[in-house]
Amino acid sequence: SSSLGPIRKATGILMTNGTSLQLPGRGFGVGIGLFPVYAMGNHSCISNTKTIATSDLKLEIIAQTKISAGDEITNPYMSTDKPTYIRRPYLREKWFFDCTCPRCSDPTELGSHMSSLLCSRTKCKGPAVPSLPLDNQSDWVCQSCGTVIFLDRVQSVLERAAQLIATPI
C-alpha cells in the first residue's frame, strides 16, 4: 500500500547509510545511527581513513594516510581482514554495490596474497589467484606455472579450509 512507501524508503536509507552503534549502559544493546556527512563517504578495502565511535555517540573520522585536496575520502564498511571472495559478496548483500577498489581488482590483493591458494601441482606450489578477480565465478590460475584450477576445486578447498578453521583443536 502507498502508506508503506515512506516506511520502506526510511528503512532502505538506514540499511544502506546507517552505521551500527553499541549503545551505552546495560540492556540497551545495539542501535543504528544515521550520520549524513559520514554517509557521503565511500567504501574502499584500502581506505585512507578509519572511524571511531566515541562514548557520546559521535563518529570521529581519522586519516590513516596523507589525503591531498581533491582526493576521495574513503572508509572501510567492513573489516578488511577477509579475502576478496568473502568481502565482495558481503558488500553486495549488505550495501548493494560491487567493490572494484584497487585491492579487489588485483588478483594478488596488492601483493598481500590474502586470497591466494597454493598451486595444486606437486612440484610447483606457486600462488594460485583468481583469473578474473572481480568475477567470483572465474577459475583460478597459478602465477608460477600457469596451471588452471577450476572453480569447483577452488570452492572445495575453501570450504574445507573454513571447516578446519571452525573446528577447535
Side-chain angles (χ1 to χ4, degrees), residues 7-25 28-68 70-118 127-140 149 151 154-168:
I7 294 170
R8 287 186 175 140
K9 182 176 180 180
T11 301
I13 290 169
L14 281 175
M15 286 178 63
T16 307
N17 296 298
T19 189
S20 296
L21 296 173
Q22 182 66 45
L23 300 176
F28 287 106
V30 177
I32 296 176
L34 184 58
F35 300 84
V37 172
Y38 178 74
M40 290 190 304
N42 286 323
H43 164 83
S44 177
C45 296
I46 53 163
S47 61
N48 53 19
T49 69
K50 71 175 182 179
T51 302
I52 297 173
T54 64
S55 60
D56 59 349
L57 302 182
K58 293 181 181 175
L59 295 182
E60 289 183 6
I61 301 170
I62 301 168
Q64 295 290 93
T65 63
K66 182 181 184 315
I67 302 172
S68 300
D71 286 353
E72 180 179 27
I73 296 174
T74 58
N75 199 53
Y77 288 6
M78 63 176 290
S79 174
T80 56
D81 65 349
K82 304 279 188 269
T84 298
Y85 63 83
I86 291 175
R87 289 190 322 272
R88 291 188 80 242
Y90 183 77
L91 290 164
R92 156 89 7 233
E93 182 180 318
K94 183 146 173 54
W95 287 283
F96 311 104
F97 74 93
D98 293 313
C99 186
T100 59
C101 75
R103 182 175 168 195
C104 287
S105 299
D106 180 2
T108 69
E109 296 199 41
L110 301 177
S112 72
H113 289 277
M114 179 72 89
S115 296
S116 298
L117 300 175
L118 289 178
V129 298
S131 57
L132 301 169
L134 298 179
D135 178 1
N136 278 3
Q137 300 304 307
S138 72
D139 294 326
W140 291 36
I149 303 171
L151 180 61
V154 169
Q155 289 173 328
S156 174
V157 168
L158 295 175
E159 287 169 13
R160 179 67 181 131
Q163 289 170 352
L164 288 172
I165 290 169
T167 305

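Sequence positions, counted from 1, serve as the residue numbers for this chain. Predicted model, so just to flag it, every value in this text is computed and none were measured.
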Colleague: Tell me, do I149 and L117 make a side-chain contact under 4.5 Å, heavy atoms counted?
Modeller: no
Colleague: So among I52, T54, T51, which one has a side-chain contact (heavy atoms from CB on, under 4.5 Å) with L59?
Modeller: T51
Colleague: Atom CG of N48 and atom CD of E72: how far apart are they, to the nearest 0.5 Å?
Modeller: 8.0 Å
Colleague: Using modelled atom types only, decide if a donor and an acceptor are shared between the side chain of R103 and the backbone of T84 within a distance under 3.5 Å.
Modeller: no
Colleague: Output the distance between atom OG1 (T108) and atom CE (M114), rounded to the nearest 0.5 Å.
Modeller: 12.0 Å
Colleague: Is there any salt bridge (Lys or Arg N to Asp or Glu O under 4.0 Å) pair reaching into residues 80-89, and which pairs are they, with sequence neighbours excluded?
Modeller: R87-E109
Colleague: Between atom CG of L158 and atom CH2 of W140, what is the distance when rounded to the nearest 0.5 Å?
Modeller: 5.5 Å
Colleague: Please round to the nearest 0.5 Å and tell me the distance separating atom OG of S131 and atom CG of L151.
Modeller: 9.5 Å
Colleague: Does Q163, at its CD atom, have more than 12 non-hydrogen atoms belonging to other residues, nucleotides or ligands within less than 6.0 Å?
Modeller: yes
Colleague: Looking only at heavy atoms, what is the nearest atom pair of P130 and P107, with distance?
Modeller: O-CB, 3.5 Å
Colleague: Starting from the C-alpha separation in whole Å, work towards a yes-or-no answer on side chain to side chain contact (heavy atoms under 4.5 Å, CB included) for Y90 and Y77.
Modeller: CA-CA 10 Å; Y90 183 77; Y77 288 6; over 6 Å; no
Colleague: Could you grab the distance from atom SG of C104 to atom CG of L110, nearest 0.5 Å is fine?
Modeller: 9.0 Å
Colleague: Quick one: pull up CD in Q155 and OH in Y85 and give me the separation to the nearest 0.5 Å.
Modeller: 11.0 Å
Colleague: K9: what forms a side chain to side chain donor-acceptor pair (under 3.5 Å) with it, not counting sequence neighbours?
Modeller: none
Colleague: Between T49 and N75, does any side-chain donor sit less than 3.5 Å from a side-chain acceptor?
Modeller: yes
Colleague: I'd like to know if the side chain of S115 reaches the main chain of P83, judged simply by a donor and an acceptor atom lying under 3.5 Å from each other, with no hydrogens or angles considered.
Modeller: no
Colleague: In terms of ring plane angle, is the pair F97 and H43 parallel, tilted or perpendicular, where the classes change at 30° and 60°?
Modeller: tilted
Colleague: Checking T74 side chain against N42 main chain: does a donor-acceptor pair fall under 3.5 Å?
Modeller: no
Colleague: Holding to salt bridge (Lys or Arg N to Asp or Glu O under 4.0 Å), I want the full list of residues that pass it with D139, two or more places apart in sequence or in another chain.
Modeller: none
Colleague: Please tell me if the side chains of P76 and S44 come closer than 4.5 Å, counting only heavy atoms from C-beta onward.
Modeller: no
Colleague: May I ask you to decide if L134's main-chain N or O and D98's side chain share a donor-acceptor pair within less than 3.5 Å?
Modeller: no
Colleague: Heavy atoms only: give me the nearest I67-A63 pair and the separation to one decimal.
Modeller: CD1-CB, 3.9 Å
